[in-house]
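Working notes for the structure below.
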Amino acid sequence: MKSDRAEDYLINHECGYPMDGYVPLMEAGRAVEIAEQDAEKRMRQKATEAFKSSCKYQDGCVAAIRECDPIQCDDLRLFIQKLNEE
């Protein structure tokens, strides 16, 4: 399981996971929610890193005494804002 938090949830709620393979429906639903949150977080991190690596100002920011972070980079801040819109 890619989500350690989801796996820990199942183990800590005594669902019998992974020994007997039985997981109550409510516990399974919550574990899926946790796994989805973790997957979304990983994808946001990957998207942000991809944006940074393909930024047309990638080399110019250092010369402008700016770092590639949402506080100093308007383009990155706008990108993250768009990622967060639902």
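The figures that follow rest on heavy atoms only: side chains count, while hydrogens, waters and symmetry mates do not. Since this is a predicted model, take the numbers as computed values, not measurements.
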Practice task
Return the minimal non-hydrogen interatomic distance between A31 and A6, and the atom names on each side.
Solution key: O-CB, 3.4 Å
Drop me the distance from [X]'s [atom1] to [Y]'s [atom2], to the nearest 0.5 angstrom.
X: T48; Y: I80; atom1: OG1; atom2: CD1; answer: 4.5 Å
X: R5; Y: I34; atom1: CZ; atom2: CD1; answer: 5.5 Å
X: E40; Y: L83; atom1: CD; atom2: CG; answer: 9.5 Å

Problem - Pair E49-K52, salt bridge (charged side-chain N to carboxylate O under 4.0 Å, His left out): steps then yes or no - result: CA-CA 5 Å; E49 290 306 313; K52 288 179 182 181; 3.7 Å; yes
Problem - Criterion side chain to side chain contact (heavy atoms under 4.5 Å, CB included) on F51 and D75, from CA distance to verdict - result: CA-CA 9 Å; F51 178 86; D75 292 337; 3.9 Å; yes
Exercise for the section: State whether E33 and R30 are salt-bridged, where the test is any N-O pair (Lys NZ or Arg NE/NH1/NH2 against Asp/Glu carboxylate O) under 4.0 Å. Expected result: yes
Exercise for the section: Report the C-alpha distance between N84 and R44 in whole Å, list the side-chain angles of each, state the deciding distance to 0.1 Å, and finish with yes or no for side chain to side chain contact (heavy atoms under 4.5 Å, CB included). Expected result: CA-CA 9 Å; N84 292 332; R44 287 179 190 278; 2.7 Å; yes
